[in-house]
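Here is the structure we will look at.
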Amino acid sequence: MIDTPAPELERALNPAQQEAVDHVHGPMLVLAGAGSGKTRVLTTRIARLIDRHGVPPDRIFAVTFTNKAAGEMKHRIGRLLARDPSGLWIGTFHSLSARLLRREAPRLGFGSQFTIYDEDDRLGLIRRLMDQRGHSTKLFPPRAVQAVISSAKNRMTPPSELAAAAGPFDRLVQVSADVYAAMGPALKAANAMDFDDLLLHPLTLFAEHPDRLQYYQNKFSFVLVDEFQDTNRAQYQLIRLLGAHGNVCVVGDDDQSIYGWRGADVRNMQDFLKDFPSARLVRLEENYRSTQVVLDAANGVIAENTGRLGKTLTTRRGGGEAVTLLAAADERDEAEWVVRELERRSAAGDWRYEDMAVLYRTNAQSRALEEAFRRAGIPYRLIGSISFYERREVKDLLAYLRLLTNPADDEAFLRAVGVPRRGLGETSLAILERTAVQWHKPLLATAAGAEAIAELRPNVREAFRALAAFIEGLAGRIRDKPPAEVLEEVIRAIDYEAVLHAEGPEGADRWENVRELVASAANWSEVVAEGAEGTPLERFLAEAALLSSADSVVGREDGVTLMTLHTAKGLEWPVVVLTGLEQGLFPLARAEEQPDGLEEERRLCYVGLTRAKDKLYLTWARARRRGGELRPGMASRFLRALPAAILDERRTTSLWAPDWRSAGRAQRRSGESAFARGDRAGPRRVESAPAGQPEEASQDAPRYVKGERVRHRRFGSGTIQGLTGTGRDLKVSVAFDDAEVGVKQLLVAYAGLEREWESA
DNA sequence: GTTTCGTAAATTTTT
DNA sequence: TTTACGAAAC
């Protein structure tokens, strides 16, 4: 392998890193380029604070982007200190806020055992509120309403302001504002908070109880924030308040801001310098991760963005293996090529599977990759996609646990009431809900008094009463029992195994997941959830609610890593494969329509490229299945931003591929396809520019796909309807735009078709 | 009230 | 290709 730098611990800090570590008191903004060792700066700084400056760990408030990152950072600090930094407040904004709120909830009118509502719970609540308030869920999709409300919350806009801002004809926003206004009280009644509330409630607390703000300002004498470019306004406010004493260190990279759609606002970086005028600005511009070739690729892409703060990344790792650019026929072809290539490199002893990652824009793309890995028998691990805690069977059981700790949790009640089937359907529940509203009681409490509801049939009353009695009885018995035991008890009581097995073959898989849940709960109990308050069950639930998708790992540890580009932020591998580089997919079509959308996609691409230490593969497919339909695509515009000198272009053997560089340009010089032959042997090292002479065009027959736009010399433009035959007998049926011509069957070998976008 | 079957719709990223 | 929802049957 290529000049790998010395292990991190042995390398001395560079002057800029040293400066960031040495600066103890007063605000500081660290502009840290990709791979510039910012994690190391943060961990070293925290360790120093503790052992050289005698700061007690519980007076340090350190924010990371994922729980996993927090765990790793804590581990590294422990290694530096040679002891466990117990008491340290380190975690995501959401988990740290939740921890703070457990103590302060009563001051805000919540119980300290409040539930954290996930996306589904919140959606369910919105649906019910819409029903109650007579808003049609057909005209206004609850998802859309939820999106409006969430974005208002992220901008810290209260319901009244949202209502005022809604135009007279903007019914969606009007409805959303109405639901939003009702949602606060409803959540409070259910003793629940959603993800956004976790960030907003601390701000409310500090506004209403200045003494509490003062307390936490005094308590946390040092505040540190990683991935600062991805904080939203509420998060920034929290930092500004807690760090008012000035000992605030934020670390970020404006080029890696990729969560704008979630309310993140890069302006926080500029505002920080305004709000803390004495802030020291430190730039980490030396990259220790990647080869020059990788940086050239990344710089080529990001250079097209405007309004950057400006950074120049350098590396001492000159040269490097060229970036392999692959054109495939479709997503399956792409996946198979990737798997074969990684297998080849592994067999050649170049890298191990665990040193490789395959990244993609959307979770849906993981399917084809997974299948290819499985077919080839190559180990892989899939991160994210469907979180374990989002599975139906897991949520069903957790609903019972939630109800045990928080009897007001109506969403949990509505889930539990249907598992197992109790003969309680839509009508009975509607009556129960109506009564609950009248009585001003949670559903569980209302169910306990169901005997008094005359509208209900006697057997329904009894069913409600029995369910309530069951929960209450269980709640009395469990107390401080470990979560795994409580789970077992619930499973036994509702005979969940039988319930699942009655569902047929799928039920067996689900039962497996249930066993896994119990096992993970048992395993969890052994770890001391440090610092948190409440019973073990409460802490288990709190943690489960805040687990991120990055925490869900399926597959073998020693395998190739598969994840989305978003999840890959902050990580690195010797080999990185970026797939699906097509217009419409990456960058996403939707993103390109929004003002800053394309720039954010470009930053996402930059994040992906800079994950690689030694070797980059970039792939795209001429066609891709989207919703069952095979759709043609063209190479991503990001590919055109790459310097030609560092590229090694290839195609899969069966593919006739056009010169993607000329796509969309005025003219194309014939015979100048930039694609090399697919069978070219061995990697190529790039020492310096220029390389990559134009190669011979492929001699394979052109390959068309259904839906593709083509042009015929006589008939004009049309769309391919279908394909029949193979080789020289390959026929296409084309529906021409000219209605007079209609649909024609043409032999590809003679028709002389051109792709429309190529012949422009 | 529950199950089953059919049709329609849909696919961005995540704490 | 898979999921979600609605209608009709059971």
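In what follows, chains carry the letters A, B, and so on, assigned in the order in which the sequence lines appear, proteins first and then strands, with residues in each chain numbered from 1.
- In this structure, Met193(A) atom CE and dT15(B) atom C1' are separated by 16 Å, rounded to whole Å.
- In this structure, Trp261(A) forms an aromatic stack with the base of dT13(B), since both conditions hold: centre separation below 5.5 Å and plane angle below 30°.
- The residue Glu119(A) sits close to a base: some heavy atom pair falls under 4.0 Å.
- Across the protein-nucleic acid pair, Leu604(A) atom CG and dT13(B) atom P stand 11 Å apart, rounded to whole Å.
- When the C1' atom of dT14(B) is taken as reference, atom OH of Tyr360(A) falls 14 Å away, rounded to whole Å.
- Of the two residues contacting DNA chain B, namely Gly423(A) and Glu601(A), the nearest-nucleotide position lying further toward the 5' end is that of Gly423(A).
- Among the atoms of the strands shown, only primed sugar atoms or phosphate atoms (P, OP1, OP2) are found under 4.0 Å from some heavy atom of Thr427(A).
- One interatomic measurement links the two molecules: CZ of Arg421(A) to P of dC10(C), which rounds to 19 Å at whole-angstrom precision.
- Looking at heavy-atom distances under 4.0 Å, Leu198(A) makes no contact with the nucleic acid at all.
- Shown are Arg128(A), Arg127(A), Arg402(A); of these, the salt bridge (charged side-chain N to carboxylate O under 4.0 Å, His left out) with Glu411(A) is made only by Arg128(A).
- Cation-pi geometry between Arg611(A) and Trp573(A) is not met: the NZ or CZ atom fails to fall both under 6.0 Å from the ring centre and inside 45° of the normal.
- Here Arg625(A) does not reach the OP1 or OP2 of dA10(B): none of its side-chain N or O atoms lies under 4.0 Å away.
- Nearest nucleotide to the Phe195(A) side chain, out of dT2(C), dT15(B), dT14(B): dT15(B).
- The CG-P distance, from Asp230(A) to dT13(B), rounds to 16 Å in whole Å.
- A donor-acceptor contact under 3.5 Å is not formed by the side chain of Arg590(A) with the base of dT12(B).
- One finds a side-chain N or O of Asn363(A) lying less than 4.0 angstrom from the OP1 or OP2 phosphate oxygen of dT14(B).
- The shortest distance between the side-chain N/O atoms of Arg262(A) and the OP1/OP2 oxygens of dT14(B) is not below 4.0 Å.
- Rounded to an integer number of Å, the gap from CZ of Arg392(A) to C1' of dT2(C) is 16 Å.
- Heavy atoms of Arg122(A) sit nowhere under 4.0 angstrom from any nucleic acid atom.
- Checking Gln229(A) against Glu227(A) by side-chain atom types alone, a donor-acceptor pair falls below 3.5 Å.
- Here Thr66(A) does not reach the OP1 or OP2 of dT15(B): none of its side-chain N or O atoms lies under 4.0 Å away.
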**OP:** Could you walk me through whether Arg332(A) and Glu371(A) pass salt bridge (Lys or Arg N to Asp or Glu O under 4.0 Å), step by step?
**Re:** CA-CA 9 Å; Arg332(A) 195 176 155 147; Glu371(A) 282 168 2; 5.9 Å; no
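- If you check every strand for non-hydrogen atoms under 4.0 Å, Lys569(A) touches nothing.
- Taking atom NZ of Lys153(A) as the reference point, atom P of dT15(B) lies 18 Å away to the nearest angstrom.
- As a whole-Å value, the separation of Glu370(A) CD from dT1(C) P is 16 Å.
- Regarding contacts with the backbone of dT13(B), every side-chain N or O of Thr567(A) stays at 4.0 angstrom or more from both OP1 and OP2.
- If you check every strand for non-hydrogen atoms under 4.0 Å, Tyr259(A) touches sugar and phosphate atoms only.
- When ring centroids are compared, Phe228(A) and Phe65(A) stay outside the 6.0 Å threshold.
- Counted by atom type alone, Asn268(A) and Arg233(A) present one or more donor-acceptor pairs between their side chains at under 3.5 Å.
- Toward the 5' end of DNA chain B, the nearer of the two residues Arg422(A) and Ala364(A), judged by each one's closest nucleotide, is Arg422(A).
- Residue Arg626(A) places none of its side-chain N or O atoms closer than 4.0 Å to OP1 or OP2 of dT1(C).
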